[in-house]
Amino acid sequence: MTAGAPAELRIGRVIKAHGVKGAVRVELLTDFPDRFAIGRAVDIAGRPFTVKDAREQDGGLLVSFEGIDDRDAAEALRGAYITLPLSAARSLPEDHYYHFELVGLSVFDIRQQRTIGRVAEVLSYAANDVLRVTDGQREVLIPMLKTVVQAVKRDEELIVVDLPQEIDA
């Protein structure tokens with residue numbers, strides 16, 4: 001997720017068409033796969049759709065939508081994000097954040113007693129997320145680890161970190 005608050009919550013991305021009846025392979029971008037339950041309303045590239053069928057396959061989902069009945073219509077959705085309004089965002093446990101909540105926050109290093117910059121993007125990796133922080137001239141990658149990130153103070157628009165010496169900020 002990059003700078004600038006999104007107008008919607010991304011829950012998936014259409015990877016490609018699957019078969020000839022309009023199904024698509026979806027990359028999940030949510031921890032809540034039930035958002036693709038039959039009958040659920042979603043938006044794809046700003047257009048409303050209703051989930052007709054969904055099933056897990058190979059680490060992703062195969063999803064069919066009402067009104068998408070052939071391969072050509074499904075292929076037209078390739079690369080599009082599947083979204084919900086931000087108001088549909090579910091509450092997360094303490095110390096868990098949606099990426100869009102972190103983008104734009106100022107990052108302060110307590111070890112060096114200085115502001116490093118602002119979060120431009122949150123990168124997702126298997127081991128942990130990484131904050132891409134920039135001050136407009138330099139870029140620093142900061143792992144979202146409890147040993148590094150000391151506090152996230154959304155009300156102050158601030159993330160407090162204790163950067164190891166090997167991270168050159």
Side-chain angles (χ1 to χ4, degrees), residues 1-19 21-105 107 118-134 141-149 151-155 157-159 161:
M1 171 116 354
T2 56
E8 67 274 329
L9 183 65
R10 291 177 175 176
I11 61 169
R13 186 172 65 88
V14 177
I15 302 299
K16 64 181 181 176
H18 179 85
K21 296 184 179 180
V24 293
R25 181 172 302 281
V26 172
E27 172 191 16
L28 279 177
L29 301 177
T30 178
D31 290 334
F32 308 107
D34 64 306
R35 292 188 181 278
F36 290 93
I38 295 171
R40 291 281 175 113
V42 298
D43 285 344
I44 304 174
R47 295 177 23 215
F49 289 94
T50 301
V51 176
K52 184 167 53 174
D53 187 42
R55 59 188 160 103
E56 290 185 39
Q57 186 180 56
D58 299 330
L61 285 180
L62 285 182
V63 183
S64 297
F65 297 99
E66 291 180 15
I68 304 295
D69 299 317
D70 61 45
R71 185 173 185 87
D72 290 338
E75 191 62 38
L77 301 176
R78 181 192 287 256
Y81 285 101
I82 302 167
T83 62
L84 295 172
L86 280 181
S87 60
R90 295 181 180 166
S91 297
L92 296 177
E94 188 175 324
D95 293 334
H96 289 75
Y97 306 94
Y98 286 104
H99 290 180
F100 72 84
E101 294 177 305
L102 302 176
V103 172
L105 298 185
V107 178
R118 293 195 175 274
V119 177
E121 182 176 21
V122 180
L123 307 169
S124 294
Y125 294 101
N128 56 269
D129 289 343
V130 174
L131 302 174
R132 185 173 67 83
V133 178
T134 181
L141 299 176
I142 301 174
M144 284 288 293
L145 300 172
K146 289 184 180 195
T147 56
V148 176
V149 177
V152 175
K153 301 176 180 182
R154 288 184 308 193
D155 55 331
E157 298 186 5
L158 180 68
I159 298 175
V161 298

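- Distance CZ/Phe36 to CG/Leu62: 12.0 Å, rounded to 0.5 Å.
- Side-chain atoms of Phe65 and Ile82, non-hydrogen and from C-beta on, do get closer than 4.5 Å to each other.
- The line from CD1 of Ile159 to CD1 of Ile142 is 8.0 Å long, rounded to the nearest 0.5 Å.
- Under the salt bridge (charged side-chain N to carboxylate O under 4.0 Å, His left out) criterion, Glu157 pairs with no residue at all, not counting sequence neighbours.
- Remark: Leu86 CG to Phe100 CZ distance equals 5.0 Å, nearest 0.5 Å.
- Residues meeting the salt bridge (charged side-chain N to carboxylate O under 4.0 Å, His left out) test with Arg13, sequence neighbours left out: Glu27.
- Residues Ala74 and Gly22 share a closest heavy-atom pair of CB-O, 3.5 Å.
- For Arg154, the salt bridge (charged side-chain N to carboxylate O under 4.0 Å, His left out) criterion is met by Glu101, not counting sequence neighbours.
- More than 12 non-hydrogen atoms from other residues, nucleotides or ligands lie less than 6.0 angstrom from CZ of Arg40.
- Distance CD1/Ile15 to CZ/Arg25: 9.0 Å, rounded to 0.5 Å.
- Residues Ala88 and Arg35 share a closest heavy-atom pair of O-NH2, 3.1 Å.
- Heavy atoms only, all atoms of each residue included: Val26 and Gly12 are closest at CG1-CA, 4.1 Å.
- Taking both residues in full, the closest heavy atoms of Glu8 and Leu84 are given as CB-O, 3.2 Å, listed atom of the first, atom of the second, then distance.
- Heavy atoms only, all atoms of each residue included: Ala89 and Leu9 are closest at CA-CD2, 3.7 Å.
- Side-chain contact between Ile38 and Asp53 is present, with at least one heavy-atom pair separated by less than 4.5 Å.
- Taken from CG in Leu123 to CG in Leu141, the straight-line distance is 6.5 Å, to the nearest 0.5 Å.
- With Arg118 contributing its side chain and Gly104 its backbone, the two residues share a donor-acceptor pair below 3.5 Å.
- When side chains are defined from C-beta on, Val133 counts as touching Val119, because their heavy atoms get closer than 4.5 Å.
- Each salt bridge (charged side-chain N to carboxylate O under 4.0 Å, His left out) pair with one or both residues in residues 54-73, not counting sequence neighbours, appears once here: Lys52-Asp69.
- Nearest heavy atoms, Ile44 versus Ala80: CG2-CB, 3.7 Å.
- Among residues two or more places apart in sequence or in another chain, the ring-ring contact (aromatic ring centres under 6.0 Å, His included) test is passed with Tyr97 by none.
- The list of salt bridge (charged side-chain N to carboxylate O under 4.0 Å, His left out) pairs with a residue in residues 87-100, not counting sequence neighbours, reads Asp34-Arg90.
- If you take CZ on Arg10 and OG1 on Thr30, they are separated by 13.5 Å, rounding to the nearest 0.5 Å.
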